[in-house]
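Throughout, a chain's letter reflects where its sequence line sits, starting with A, and its residues are numbered from 1. Worth saying up front: this structure is predicted, and the values here are computed from it rather than measured.
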Amino acid sequence: MNPIKRIKGTQDILPEDSPKWTALEETIRKTMALFNYKEIRTPVFELTDLFARGIGELTDIVSKEMYTFQDRSKKSITLKPEMTAPVMRAYIENNLQAKSQITKLFYISPLFRQENPQAGRLRQFHQFGAEFIGAGSPEADAETISLALAIFKSIGLKGLELNINTVGDAESRVPYKKILQDFFNDEIKTPSDEVKRRIENNPLRVLDSKDPQLEEIIERAPKLIDHLNETSAQHYQTVKNILKAQDISFIEDTTLVRGLDYYTHTVYEITSSWLGAQNAICGGGRYDLLGQEISGKPIPAVGFAAGIERVLMALASQDGQIAEPRQLDAFIIALGDDAVNAAQSWLMKLRNAGFTSDTDFLKRSMKAQFREANRQQAKFVLILGENELAQNLFAIKNMESGEQQDVSFDQAIEFLKTLN
RNA sequence: GUGGGUGUAGCUCAGUUGGUUAGAGCACCAGAUUGUGGCUCUGGGGGUCGUGGGUUCAAUUCCCAUCACUCACCCCA
């Protein structure tokens with residue numbers, strides 16, 4: 001019989017790794033609280049339309065990476081490939097703007113994209129992120145950036161680079177798109193179908209193409225930064241000023257566009273020098289157009305999403321220790337049926353007293369039980385054999401020093417407390 | 001979807017220019033120590049050599065196909 005294996009691009013997070021996840025999650029929650037962001041959790045699946053309309057039909061995510069299926073009522077359902085659209089949907093559906101004009105939310109969530117896996121890219125992966133909804137001010141943009149950096153700093157991630165750019169507001173983008181389209185149509189003689197499609201539908205996305213044949217043309221392409229209207233230019237400048245005032249260093253990258261249709265104004269990306277080809281650990285920006293797509297009403301918002309697997313990979317390759325392995329306080333070695341029974345009650349007493357504790361469940365030899373205690377990195381072993389049982393005592397051994405002494409049952413818990 | 005790399009013990013990997021019973025280290029189990037872990041020594045269990053086919057007297061080795069894993073491209077966290 002063939003054993004069933006996990007689905008390609010998925011991962012089991014085993015006990016040796018899960019403490020790193022919880023440590024990172026704790027850091028995220030702590031820092032989010034410092035910045036006054038509240039947690040939101042949304043369903044793992046949504047109506048396909050949410051992503052098709054929200055993210056954009058022509059984006060890579062929607063056009064070729066979604067896990068989409070029909071449920072029994074023939075509705076088209078999609079496992080969420082990103083969190084911004086679901087959060088915005090929940091914000092609107094639950095009428096959160098009625099509670100407060102500004103809503104600051106964060107999430108930690110699994111996401112799904114059907115791509116070919118490679119280092120730092122999975123089919124089920126996890127992101128944490130923040131969404132600042134209800135303010136169109138550049139100060140909000142800057143806060144999400146410093147929030148992301150604060151989390152990375154707090155877990156000790158080094159070698160990060162912040163890239164920023166602006167894609168302008170709708171008013172500057174429409175005329176610029178036309179200028180770009182004309183430029184590319186003139187310059188690119190033999191566009192591939194993909195490039196042709198992008199020129200037609202979203203010429204901005206040609207800018208972040210990595211096709212070496214286009215590299216030279218992209219460099220000469222008209223820059224959006226030269227075609228920004230007054231509002232957009234001012235917005236971008238303010239964001240940069242705030243970052244400078246906070247001593248946050250950044251690199252301006254005019255080809256940074258980001259794949260999703262809903263971005264406006266500020267876009268940014270944080271990369272790590274410790275990773276392979278997939279070196280972006282965080283991406284974000286302002287998305288004032290998304291609310292419009294979902295609800296018909298414009299809603300200013302800005303946020304970021306960061307990849308948990310990539311953060312952990314970067315930490316691992318820079319040798320960052322974020323979680324201590326947990327060890328066991330007490331291990332009961334029981335010899336003989338009567339002792340095994342007594343050990344079960346004693347386990348409960350130890351646990352009630354707050355000692356992490358365990359015992360052998362296989363009635364193995366004393367040597368084997370000691371080995372097990374050692375494997376579990378037990379600090380103390382409580383030996384309970386026929387002799388000890390008869391005298392109402394444990395032989396308690398300190399596994400580090402090797403010292404051992406008899407301690408009566410009624411003093412055992414107190415004894416451990418003084419030593420622990 | 002496309003290209004490269006790798007599939008041999010639980011893990012990391014050697015190896016056979018095609019030839020008898022396929023190896024090491026680590027891990028595991030047992031003994032040395034009849035009720036004491038870690039260190040040491042001795043012994044032991046464990047393999048469809050990814051799968052299917054081809055060439056051959058003979059294939060784990062050569063060839064083809066296929067699957068899995070992995071890295072990379074496009075793009076993204």
Any ion pair linking Arg29(A) and Glu26(A) (charged N to carboxylate O, less than 4.0 Å)? no
Any N or O donor-acceptor pair under 3.5 Å from the base of G37(B) to the side chain of Gln376(A)? no
Between A77(B) and A24(B), how many Å separate the two C1' atoms, rounded to a whole number? 41 Å
Sticking with atom C1', work out how far A9(B) lies from C29(B), rounded to a whole angstrom. 15 Å
Give Lys397(A) one of three labels, base, sugar-phosphate or nothing, depending on what nucleic acid heavy atoms sit under 4.0 Å from its own. base
Can you tell me the distance, in whole Å, between the CD atom of Gln118(A) and the C1' atom of U2(B)? 13 Å
Between U36(B) and Gln369(A), counting only base atoms on the nucleotide and side-chain atoms on the residue, is there a donor-acceptor pair under 3.5 Å? no
Is there a donor-acceptor contact under 3.5 Å linking the side chains of Ser154(A) and Lys30(A)? no
Quantified in whole Å, what is the P atom distance between nucleotide U66(B) and nucleotide G1(B)? 13 Å
When the C1' atoms of U17(B) and U61(B) are compared, how many Å lie between them, rounded to an integer? 10 Å
Electrostatic pair Lys223(A):Asp226(A) at N-O distance under 4.0 angstrom: no
Taking for each residue the nucleotide of RNA chain B bearing the nearest heavy atom, is the 5' side occupied by Ala306(A) or by Ile383(A)? Ile383(A)
Integer-rounded Å distance: G38(B) C1' and Gln404(A) CD: 15 Å
Distance check needed: C76(B) C1' versus Tyr268(A) OH, whole Å only. 16 Å
Judged by modelled atom types alone, do Glu131(A) and Thr84(A) share a side-chain donor-acceptor pair under 3.5 Å? yes
Please report the distance, rounded to the nearest Å, between CD1 in Ile61(A) and P in C75(B). 13 Å
From the candidates C74(B), G38(B), G35(B), the one with an atom nearest any side-chain atom of Asn374(A) is G38(B)
Check: Leu362(A) and Glu372(A) side chains under 4.5 Å, non-hydrogen atoms: no
How far, in whole Å, is U12(B) from A58(B) if one measures between their C1' atoms? 32 Å
Surrounding CG of Leu14(A) (heavy atoms of other residues, nucleotides or ligands, distance under 6.0 Å), is the total greater than 12? yes
Could you check which of C71(B), A77(B), G35(B) has an atom nearest any side-chain atom of Leu335(A)? G35(B)
Does Glu400(A) CD have over 12 foreign heavy atoms under 6.0 Å away? no
Say you pick atom C1' in U8(B) and the same atom in U60(B); how far apart are they, in whole Å? 7 Å
Watson-Crick and G-U pairing of RNA chain B, under 3.5 Å, as dot-bracket with | and [ ]: (((((((..((((.....[...)))).(((((.......))))).....(((((..]....))))))))))))....
Counting neighbours of CZ on Phe45(A) that are heavy atoms of other residues, nucleotides or ligands and sit closer than 6.0 Å, is the number greater than 12? no
Integer-rounded Å distance: G37(B) P and Glu403(A) CD: 17 Å
Using atom P in both nucleotides, what's the gap between C74(B) and G47(B) to the nearest angstrom? 45 Å
Identify whether any heavy atom of Ala119(A) sits under 4.0 Å from a base atom; if not, whether one sits that close to sugar-phosphate; answer base, sugar-phosphate or nothing. sugar-phosphate
What contact category does Leu111(A) fall into here, base, sugar-phosphate, or nothing, at under 4.0 angstrom with non-hydrogen atoms? nothing
Give one of base, sugar-phosphate or nothing for Gln114(A), where a contact means two heavy atoms less than 4.0 Å apart. nothing
Please check the phosphate of C75(B) (OP1 and OP2 only) for any side-chain N or O of Arg205(A) closer than 4.0 Å. no
In terms of the angle between their ring planes, are Phe394(A) and Trp346(A) parallel, tilted or perpendicular, with boundaries placed at 30° and 60°? perpendicular
Distance, rounded to the nearest Å, where Tyr262(A) contributes OH and C76(B) contributes P: 11 Å
Look at all strands and tell whether Gly129(A) reaches a base, only sugar-phosphate, or nothing, counting heavy atoms closer than 4.0 Å. nothing
Which value, in whole Å, describes the distance between the P atoms of nucleotides U56(B) and U16(B)? 25 Å
Looking at every strand, decide which applies to Glu388(A) at a 4.0 Å heavy-atom threshold: base, sugar-phosphate, or nothing. base
Heavy-atom donor-acceptor pair, Arg258(A) side-chain to C75(B) base, under 3.5 Å: no
If you assign each of Ile281(A) and Met366(A) to its closest nucleotide in RNA chain B, which residue comes earlier from the 5' end? Met366(A)
Could you state the CG-P distance from Asn116(A) to C74(B), rounded to the nearest angstrom? 14 Å
Would you tell me if any nitrogen or oxygen in the side chain of Lys64(A) comes within less than 4.0 Å of OP1 or OP2 on G1(B)? no
Let's test your reading of the model: under 3.5 Å, does the base of A77(B) pair with the side chain of Glu115(A) as donor and acceptor? yes
Could you tell me the separation between the CG atom of Leu275(A) and the C1' atom of C75(B), rounded to a whole number of Å? 16 Å
Within the sub-3.5 Å range, which N or O atoms of nucleotides 28-31 of chain B have a protein N or O partner, and how far apart are they?
| residue | atom | partner | partner atom | Å |
| --- | --- | --- | --- | --- |
| C28(B) | OP1 | Arg375(A) | NH1 | 2.9 |
| C29(B) | OP1 | Arg375(A) | NH2 | 3.3 |
| A30(B) | OP2 | Arg371(A) | NH2 | 2.8 |

Kindly indicate whether the side chain of Arg113(A) and the base of C76(B) share any N or O donor-acceptor pair separated by less than 3.5 Å? no
Nearest-nucleotide pick for Arg121(A), side chain only, options being A77(B), G37(B), C69(B): A77(B)
Any donor-acceptor N or O pair under 3.5 Å, side chains His235(A), Asp169(A): no
Does either side chain, that of Asn279(A) or that of Thr271(A), offer a donor lying less than 3.5 Å from an acceptor on the other one? no
Selection from U2(B), C75(B), G37(B) that lies nearest to any side-chain heavy atom of Arg198(A): C75(B)
Of the nucleotides G37(B), C71(B), C76(B), which one has an atom closest to the side chain of Gln278(A)? C76(B)
Aromatic rings His227(A) and Tyr176(A): how do their planes relate, parallel, tilted or perpendicular, breaks at 30° and 60°? tilted
Indicate whether any N or O donor in one side chain lies under 3.5 Å from an N or O acceptor in the other, for Tyr37(A) and Glu143(A). yes
